[in-house]
Number of protein chains: 2
Amino acid sequence: MYQKKTPVQLDCGLHFFKELLNGKWKLMLVYYISKNLKRPSELQRKIPNADRRVMDQQLQELVLHGFINKKTFNTKVPKVEYELTELGEKLLPLILTIEQWGEENRFVLNKALEKDPKFENVV
Amino acid sequence: MYQKKTPVQLDCGLHFFKELLNGKWKLMLVYYISKNLKRPSELQRKIPNADRRVMDQQLQELVLHGFINKKTFNTKVPKVEYELTELGEKLLPLILTIEQWGEENRFVLNKALEKDPKFENVV
DNA sequence: TAGAATACGCATAAATTTATGCGTAATTGT
DNA sequence: ACAATTACGCATAAATTTATGCGTATTCTA
(Lines give C-alpha, C1' and ligand atoms only; values in the text may rest on other atoms or scores of the structure.)
Protein backbone atom coordinates (compact mmCIF):
# COMPACT_ATOMS: atom_id res chain seq x y z
CA MET A 1 0.00 0.00 0.00
CA TYR A 2 1.13 3.47 -0.84
CA GLN A 3 2.02 5.83 1.96
CA LYS A 4 2.33 9.57 1.70
CA LYS A 5 5.71 11.10 2.26
CA THR A 6 5.01 14.79 2.07
CA PRO A 7 3.36 16.38 5.12
CA VAL A 8 -0.17 17.49 4.34
CA GLN A 9 -1.28 21.07 4.79
CA LEU A 10 -4.44 21.40 6.84
CA ASP A 11 -4.39 25.08 7.71
CA CYS A 12 -7.73 25.77 6.06
CA GLY A 13 -10.87 23.88 5.20
CA LEU A 14 -10.03 23.73 1.53
CA HIS A 15 -7.25 21.27 2.19
CA PHE A 16 -9.53 18.72 3.81
CA PHE A 17 -11.68 18.72 0.74
CA LYS A 18 -8.65 18.25 -1.46
CA GLU A 19 -7.00 15.52 0.56
CA LEU A 20 -10.15 13.50 1.03
CA LEU A 21 -12.15 14.03 -2.13
CA ASN A 22 -9.67 14.50 -4.89
CA GLY A 23 -10.19 11.08 -6.43
CA LYS A 24 -11.18 10.93 -10.05
CA TRP A 25 -14.66 9.53 -9.43
CA LYS A 26 -15.34 10.20 -5.78
CA LEU A 27 -17.77 13.07 -6.11
CA MET A 28 -19.68 11.31 -8.85
CA LEU A 29 -19.89 8.18 -6.76
CA VAL A 30 -21.30 10.04 -3.78
CA TYR A 31 -23.72 11.80 -6.07
CA TYR A 32 -25.02 8.63 -7.68
CA ILE A 33 -25.25 6.80 -4.40
CA SER A 34 -27.43 9.64 -3.16
CA LYS A 35 -29.56 9.03 -6.25
CA ASN A 36 -30.16 5.49 -5.07
CA LEU A 37 -27.69 3.72 -7.26
CA LYS A 38 -26.42 1.64 -4.39
CA ARG A 39 -24.86 -1.41 -5.87
CA PRO A 40 -21.37 -1.63 -7.33
CA SER A 41 -22.68 -3.03 -10.58
CA GLU A 42 -25.20 -0.23 -10.92
CA LEU A 43 -22.53 2.37 -10.35
CA GLN A 44 -20.31 0.61 -12.81
CA ARG A 45 -22.99 0.79 -15.46
CA LYS A 46 -23.62 4.43 -14.73
CA ILE A 47 -19.94 5.34 -14.97
CA PRO A 48 -18.64 2.96 -17.61
CA ASN A 49 -15.42 4.91 -18.08
CA ALA A 50 -14.33 4.15 -14.56
CA ASP A 51 -12.34 0.96 -14.35
CA ARG A 52 -13.79 -1.48 -11.89
CA ARG A 53 -10.68 -1.66 -9.79
CA VAL A 54 -10.21 2.08 -9.73
CA MET A 55 -13.82 2.53 -8.76
CA ASP A 56 -13.48 -0.09 -6.05
CA GLN A 57 -10.49 1.69 -4.63
CA GLN A 58 -12.29 5.00 -4.54
CA LEU A 59 -15.31 3.41 -2.90
CA GLN A 60 -13.07 1.83 -0.29
CA GLU A 61 -11.54 5.18 0.50
CA LEU A 62 -14.94 6.83 0.74
CA VAL A 63 -15.91 4.14 3.24
CA LEU A 64 -12.68 4.47 5.19
CA HIS A 65 -13.09 8.22 5.41
CA GLY A 66 -16.68 7.92 6.53
CA PHE A 67 -18.60 9.37 3.61
CA ILE A 68 -20.45 6.16 2.80
CA ASN A 69 -21.30 2.89 4.48
CA LYS A 70 -20.97 -0.48 2.89
CA LYS A 71 -23.57 -3.11 3.62
CA THR A 72 -22.76 -6.68 2.69
CA PHE A 73 -25.63 -9.12 2.46
CA ASN A 74 -24.81 -12.75 3.03
CA THR A 75 -27.33 -13.91 0.53
CA LYS A 76 -26.64 -16.82 -1.73
CA VAL A 77 -25.17 -14.47 -4.29
CA PRO A 78 -23.25 -12.04 -2.12
CA LYS A 79 -24.74 -8.59 -2.50
CA VAL A 80 -23.27 -5.21 -1.64
CA GLU A 81 -24.97 -1.88 -1.16
CA TYR A 82 -23.62 1.52 -0.33
CA GLU A 83 -25.39 4.36 1.43
CA LEU A 84 -24.43 7.85 2.49
CA THR A 85 -23.40 8.52 6.05
CA GLU A 86 -24.26 11.73 7.84
CA LEU A 87 -20.96 13.15 6.65
CA GLY A 88 -21.80 12.08 3.12
CA GLU A 89 -25.14 13.83 3.35
CA LYS A 90 -23.40 16.99 4.46
CA LEU A 91 -21.18 16.75 1.43
CA LEU A 92 -24.05 16.52 -0.98
CA PRO A 93 -24.92 20.23 -1.19
CA LEU A 94 -21.32 20.97 -2.14
CA ILE A 95 -21.42 18.44 -4.90
CA LEU A 96 -24.65 19.87 -6.24
CA THR A 97 -23.21 23.38 -6.11
CA ILE A 98 -20.08 22.34 -7.95
CA GLU A 99 -22.04 20.40 -10.51
CA GLN A 100 -24.34 23.33 -11.10
CA TRP A 101 -21.41 25.72 -11.44
CA GLY A 102 -19.84 23.44 -13.98
CA GLU A 103 -22.98 23.15 -16.04
CA GLU A 104 -23.77 26.84 -15.89
CA ASN A 105 -20.30 27.69 -17.12
CA ARG A 106 -19.79 24.72 -19.35
CA PHE A 107 -19.28 26.77 -22.46
CA VAL A 108 -16.59 29.05 -21.13
CA LEU A 109 -14.93 26.28 -19.13
CA ASN A 110 -14.75 24.17 -22.21
CA LYS A 111 -13.07 27.02 -24.03
CA ALA A 112 -10.59 27.30 -21.19
CA LEU A 113 -9.65 23.69 -21.66
CA GLU A 114 -9.40 24.06 -25.40
CA LYS A 115 -6.90 26.85 -25.26
CA ASP A 116 -4.64 24.90 -22.91
CA PRO A 117 -2.02 23.09 -25.01
CA LYS A 118 -1.76 20.51 -22.28
CA PHE A 119 -5.20 19.29 -23.23
CA GLU A 120 -4.87 19.56 -26.97
CA ASN A 121 -4.85 15.85 -27.66
CA VAL A 122 -7.60 14.89 -25.30
CA VAL A 123 -10.42 17.39 -25.28
CA MET B 1 5.75 20.95 -21.42
CA TYR B 2 3.65 18.06 -20.29
CA GLN B 3 0.73 16.94 -22.38
CA LYS B 4 -2.13 14.80 -21.29
CA LYS B 5 -2.52 11.41 -22.86
CA THR B 6 -5.71 10.12 -21.35
CA PRO B 7 -8.96 11.52 -22.76
CA VAL B 8 -10.75 13.67 -20.22
CA GLN B 9 -14.29 12.98 -19.13
CA LEU B 10 -16.55 15.99 -19.34
CA ASP B 11 -19.97 14.38 -19.07
CA CYS B 12 -20.92 16.34 -15.99
CA GLY B 13 -20.04 19.64 -14.39
CA LEU B 14 -17.98 18.01 -11.68
CA HIS B 15 -15.30 17.11 -14.17
CA PHE B 16 -14.69 20.69 -15.22
CA PHE B 17 -14.04 21.61 -11.65
CA LYS B 18 -11.64 18.74 -11.27
CA GLU B 19 -9.72 19.26 -14.48
CA LEU B 20 -9.32 22.98 -14.02
CA LEU B 21 -9.03 23.51 -10.30
CA ASN B 22 -7.35 20.46 -8.95
CA GLY B 23 -4.01 22.12 -8.33
CA LYS B 24 -2.58 22.02 -4.86
CA TRP B 25 -2.90 25.77 -4.21
CA LYS B 26 -5.32 27.01 -6.83
CA LEU B 27 -8.38 27.52 -4.67
CA MET B 28 -6.33 29.20 -1.96
CA LEU B 29 -4.76 31.50 -4.52
CA VAL B 30 -8.11 32.57 -5.91
CA TYR B 31 -9.36 33.07 -2.38
CA TYR B 32 -6.45 35.25 -1.31
CA ILE B 33 -6.50 37.25 -4.50
CA SER B 34 -10.14 37.99 -3.78
CA LYS B 35 -8.97 39.19 -0.36
CA ASN B 36 -6.79 41.75 -2.07
CA LEU B 37 -3.48 39.98 -1.81
CA LYS B 38 -2.64 40.76 -5.38
CA ARG B 39 1.10 40.57 -5.68
CA PRO B 40 3.11 37.37 -6.04
CA SER B 41 5.28 38.23 -3.08
CA GLU B 42 2.26 38.85 -0.89
CA LEU B 43 0.76 35.53 -1.87
CA GLN B 44 4.08 33.87 -1.26
CA ARG B 45 4.20 35.25 2.25
CA LYS B 46 0.64 34.21 2.92
CA ILE B 47 1.25 30.65 1.71
CA PRO B 48 4.85 30.01 2.72
CA ASN B 49 4.53 26.27 2.22
CA ALA B 50 3.98 26.72 -1.48
CA ASP B 51 7.18 26.67 -3.41
CA ARG B 52 7.61 29.76 -5.54
CA ARG B 53 7.87 27.86 -8.78
CA VAL B 54 4.91 25.64 -8.01
CA MET B 55 2.89 28.70 -7.08
CA ASP B 56 3.95 30.43 -10.26
CA GLN B 57 2.87 27.50 -12.32
CA GLN B 58 -0.53 27.39 -10.68
CA LEU B 59 -0.98 31.12 -11.17
CA GLN B 60 -0.07 30.77 -14.82
CA GLU B 61 -2.67 28.07 -15.25
CA LEU B 62 -5.31 30.14 -13.48
CA VAL B 63 -4.53 32.95 -15.91
CA LEU B 64 -4.58 30.65 -18.91
CA HIS B 65 -7.92 29.21 -17.89
CA GLY B 66 -9.40 32.63 -17.32
CA PHE B 67 -9.95 32.71 -13.57
CA ILE B 68 -7.56 35.59 -12.93
CA ASN B 69 -5.90 38.36 -14.88
CA LYS B 70 -2.27 39.30 -14.60
CA LYS B 71 -1.32 42.95 -14.79
CA THR B 72 2.33 43.78 -15.32
CA PHE B 73 3.46 47.31 -14.50
CA ASN B 74 6.51 48.58 -16.33
CA THR B 75 7.74 50.51 -13.37
CA LYS B 76 11.41 50.74 -12.50
CA VAL B 77 11.10 47.61 -10.44
CA PRO B 78 8.74 45.49 -12.49
CA LYS B 79 5.57 44.92 -10.57
CA VAL B 80 2.89 42.29 -11.01
CA GLU B 81 -0.66 42.19 -9.75
CA TYR B 82 -3.39 39.62 -10.12
CA GLU B 83 -7.13 40.17 -10.05
CA LEU B 84 -10.16 37.96 -10.41
CA THR B 85 -11.97 37.77 -13.73
CA GLU B 86 -15.71 37.39 -13.96
CA LEU B 87 -15.23 33.66 -14.05
CA GLY B 88 -13.06 33.89 -10.97
CA GLU B 89 -15.74 35.85 -9.18
CA LYS B 90 -18.27 33.18 -10.04
CA LEU B 91 -15.95 30.62 -8.54
CA LEU B 92 -15.65 32.43 -5.24
CA PRO B 93 -18.94 31.29 -3.67
CA LEU B 94 -17.91 27.69 -4.26
CA ILE B 95 -14.60 28.25 -2.57
CA LEU B 96 -16.27 29.83 0.42
CA THR B 97 -18.75 26.97 0.62
CA ILE B 98 -16.01 24.37 0.50
CA GLU B 99 -13.91 26.24 3.02
CA GLN B 100 -16.85 26.53 5.38
CA TRP B 101 -17.70 22.86 5.01
CA GLY B 102 -14.12 21.96 5.83
CA GLU B 103 -14.02 24.13 8.90
CA GLU B 104 -17.42 23.01 10.16
CA ASN B 105 -16.40 19.38 9.88
CA ARG B 106 -12.75 19.82 10.71
CA PHE B 107 -12.86 17.52 13.71
CA VAL B 108 -14.44 14.56 11.99
CA LEU B 109 -12.49 15.09 8.79
CA ASN B 110 -9.29 15.12 10.75
CA LYS B 111 -10.27 11.84 12.32
CA ALA B 112 -10.93 10.45 8.88
CA LEU B 113 -7.41 11.30 7.85
CA GLU B 114 -5.95 9.89 11.02
CA LYS B 115 -7.49 6.50 10.55
CA ASP B 116 -6.15 6.23 7.02
CA PRO B 117 -2.82 4.37 7.11
CA LYS B 118 -1.82 6.17 3.96
CA PHE B 119 -1.55 9.35 5.99
CA GLU B 120 0.01 7.90 9.09
CA ASN B 121 3.38 9.52 8.64
CA VAL B 122 2.18 12.91 7.59
CA VAL B 123 -0.86 14.03 9.52
C1' DT C 1 -23.20 -27.01 -18.88
C1' DA C 2 -21.26 -22.93 -20.84
C1' DG C 3 -21.75 -18.07 -20.31
C1' DA C 4 -23.07 -13.92 -17.85
C1' DA C 5 -23.25 -11.53 -13.40
C1' DT C 6 -21.59 -10.61 -8.78
C1' DA C 7 -17.72 -9.45 -5.80
C1' DC C 8 -12.74 -9.22 -4.32
C1' DG C 9 -7.52 -8.66 -4.80
C1' DC C 10 -2.36 -8.44 -5.68
C1' DA C 11 1.49 -6.57 -8.14
C1' DT C 12 3.18 -3.45 -11.31
C1' DA C 13 3.10 -0.08 -15.10
C1' DA C 14 1.82 4.29 -16.76
C1' DA C 15 0.24 8.87 -16.29
C1' DT C 16 0.13 13.05 -13.87
C1' DT C 17 1.30 16.39 -10.49
C1' DT C 18 4.49 18.48 -7.37
C1' DA C 19 9.16 19.52 -5.90
C1' DT C 20 13.83 21.07 -6.51
C1' DG C 21 18.63 22.10 -8.42
C1' DC C 22 20.60 25.62 -10.73
C1' DG C 23 20.37 30.31 -13.12
C1' DT C 24 19.36 35.30 -14.85
C1' DA C 25 18.49 40.31 -14.02
C1' DA C 26 17.17 44.73 -12.18
C1' DT C 27 16.44 47.76 -8.05
C1' DT C 28 16.25 49.25 -3.22
C1' DG C 29 17.91 49.91 1.19
C1' DT C 30 22.19 50.03 4.33
C1' DA D 1 29.72 47.67 -2.35
C1' DC D 2 26.59 44.16 -0.50
C1' DA D 3 22.62 41.89 1.13
C1' DA D 4 17.65 41.66 0.35
C1' DT D 5 13.54 41.97 -2.78
C1' DT D 6 11.00 41.22 -7.05
C1' DA D 7 10.20 38.49 -11.02
C1' DC D 8 11.03 34.77 -14.51
C1' DG D 9 12.54 30.06 -16.34
C1' DC D 10 14.49 25.43 -17.88
C1' DA D 11 15.34 20.67 -17.00
C1' DT D 12 14.70 16.80 -14.13
C1' DA D 13 13.66 14.25 -10.01
C1' DA D 14 10.34 12.69 -6.82
C1' DA D 15 5.81 11.87 -5.22
C1' DT D 16 1.20 10.57 -6.06
C1' DT D 17 -2.66 8.92 -8.55
C1' DT D 18 -4.71 6.14 -12.07
C1' DA D 19 -4.65 2.17 -15.10
C1' DT D 20 -4.05 -2.63 -16.27
C1' DG D 21 -2.44 -7.64 -16.48
C1' DC D 22 -3.66 -11.61 -14.42
C1' DG D 23 -6.52 -14.33 -10.96
C1' DT D 24 -10.21 -16.46 -7.57
C1' DA D 25 -14.92 -17.88 -6.44
C1' DT D 26 -19.97 -18.39 -6.37
C1' DT D 27 -24.58 -18.42 -8.46
C1' DC D 28 -28.05 -17.71 -11.67
C1' DT D 29 -29.71 -18.32 -16.59
C1' DA D 30 -30.42 -19.97 -21.10
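Order of the sequence lines fixes the chain letters, A, B, ..., with proteins taken first and strands second; residue numbering starts at 1 for each chain.
In the hydrophobic cluster analysis, where Ile, Leu, Val, Met, Phe, Trp and Tyr join through side-chain heavy atoms closer than 4.5 angstrom, L43(B) is grouped apart from L64(B).
Taking the side chain of Y2(A) as heavy atoms from C-beta on, and the options dA15(D), dT20(D), dT6(C), the nearest nucleotide is dA15(D). Of the candidate nucleotides dT20(D), dT16(C), dG9(D), dT20(D) has the atom nearest to the side chain of D51(A). The R53(B) side chain lies nearest to dC22(C) when the options are dC22(C), dA19(C), dC10(C). Here dT6(D) is the nucleotide among dT6(D), dA19(C), dA15(D) with the atom lying nearest to any side-chain atom of R45(B).
In this structure, N49(A) atom CG and dT20(D) atom P are separated by 11 Å, rounded to whole Å. Atoms NZ (K24(B)) and C1' (dT16(C)) sit 14 Å apart, rounded to a whole Å. One can place CD of Q44(B) at 17 Å from P of dA4(D), the figure rounded to the nearest angstrom. Whole-Å rounding puts the K38(A) NZ to dA7(C) P distance at 14 Å. A straight line from CD of Q57(B) to P of dA7(D) spans 18 Å, rounded to a whole angstrom. Distance CE (M1(B)) to P (dA15(C)): 16 Å, rounded to an integer number of Å. For K18(B) and dT16(D), the NZ to C1' distance is 12 Å, given to the nearest whole Å. Taking atom CD of residue E19(A) and atom C1' of nucleotide dT17(D), one finds them 12 Å apart after rounding to whole Å.
Phosphate proximity of dC8(D) to K70(B): present, with a side-chain N or O under 4.0 Å from OP1 or OP2. A sub-4.0 Å separation between OP1 or OP2 of dA15(D) and a side-chain N or O of K5(A) is present. Within the 4.0 Å cut-off from OP1 or OP2 of dT27(C), not a single side-chain nitrogen or oxygen of K79(B) is found. In terms of phosphate contacts, K4(A) brings a side-chain nitrogen or oxygen within less than 4.0 Å of OP1 or OP2 of dT17(D).
Looking at L84(B) and F67(B), their side chains never come closer than 4.5 Å, going by heavy atoms from C-beta outward.
Here R52(B) lies in heavy-atom contact (under 4.0 Å) with a base. Among the heavy atoms of the strands lying under 4.0 Å from K118(B) are primed sugar atoms or P, OP1, OP2 only; no base atom is included. Residue-level contact check: E61(A) touches neither bases nor backbone, having no heavy atom under 4.0 Å from any strand. Using a 4.0 Å heavy-atom cutoff across all strands shown, V54(A) reaches at least one base atom of the nucleic acid. Using a 4.0 Å heavy-atom distance criterion, Q58(B) is classed as a sugar-phosphate-only contact.
For the atom pair CG of L92(A) and OH of Y31(A), the computed distance is 8.5 Å after rounding to the nearest 0.5 Å.
Heavy-atom distances to DNA chain C give each of N22(A) and S41(A) a nearest nucleotide, and the one nearer the 5′ end belongs to S41(A). Nearest-nucleotide positions on DNA chain C place R39(A) closer to the 5' end than the other of T6(A) and R39(A).
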| field | Pair E103(A)-R106(A), salt bridge (charged side-chain N to carboxylate O under 4.0 Å, His left out): steps then yes or no | value | CA-CA 5 Å; E103(A) 291 300 343; R106(A) 174 180 279 273; 3.0 Å; yes
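No side-chain donor-acceptor contact under 3.5 Å links Q60(B) and D56(B).
F17(A) and F17(B) have perpendicular rings, their planes meeting at more than 60° on a 0 to 90° scale where under 30° would count as parallel.
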